[in-house]
Participant: 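First, the structure itself, so that you have it in front of you.
Small disclaimer: the values here were computed from a predicted structure and weren't measured.
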Amino acid sequence: MKIHAARRPRTPHDHTGEAEIIRWTVETDDYDAGMEQIRGEIPEGWLLLGVRVER
């Protein structure tokens with residue numbers, strides 16, 4: 001299965017208010033292991049925007 005995720009900084013980087021959004025994909029056999037990996041890739045001060053599972 002593939003788990004697609006997106007994250008962004010808690011606060012915008014510039015005065016326009018637009019945040020940098022990073023999207024990435026994790027390939028795994030197990031949902032829980034994939035989510036653990038995704039949570040591990042969220043730096044301090046960033047938010048997980050969303051997750052989408054593709055089987």
Participant: Tell me, please, which residues at least two apart from Glu54 pass side-chain hydrogen bond (donor to acceptor under 3.5 Å, both in side chains).
Facilitator: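 By the side-chain hydrogen bond (donor to acceptor under 3.5 Å, both in side chains) rule, Glu54 matches His4.
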Participant: Could you check if a side-chain atom of Arg7 sits within less than 4.5 angstrom of a side-chain atom of Ile21, using non-hydrogen atoms only?
Facilitator: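 The answer is no, as the side chains (C-beta and beyond) never meet within the 4.5 Å cut-off.
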Participant: Can you tell me how far CZ of Arg23 sits from CG of Leu49, rounded to the nearest 0.5 angstrom?
Facilitator: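 Answer rounded to 0.5 Å: 8.0 Å.
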Participant: Donor-acceptor pairs under 3.5 angstrom involving side-chain atoms of residues 29-43: please list them, not counting sequence neighbours.
Facilitator:
from	atom 1	to	atom 2	distance (Å)
Asp30	OD2	Asp32	N	3.3
Asp30	OD2	Ala33	N	2.9
Glu41	OE1	Trp24	NE1	2.9

Participant: Could you tell me which residues satisfy side-chain contact (heavy atoms from CB on, under 4.5 Å) with Glu27, sequence neighbours excluded, listed by chain and number?
Facilitator: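 In terms of side-chain contact (heavy atoms from CB on, under 4.5 Å), with neighbours along the sequence ignored, Glu27 is linked to Lys2.
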Participant: Test Met1 against Thr28 for side-chain contact (heavy atoms from CB on, under 4.5 Å), laying out the working first.
Facilitator: CA-CA 6 Å; Met1 94 176 40; Thr28 182; 4.0 Å; yes
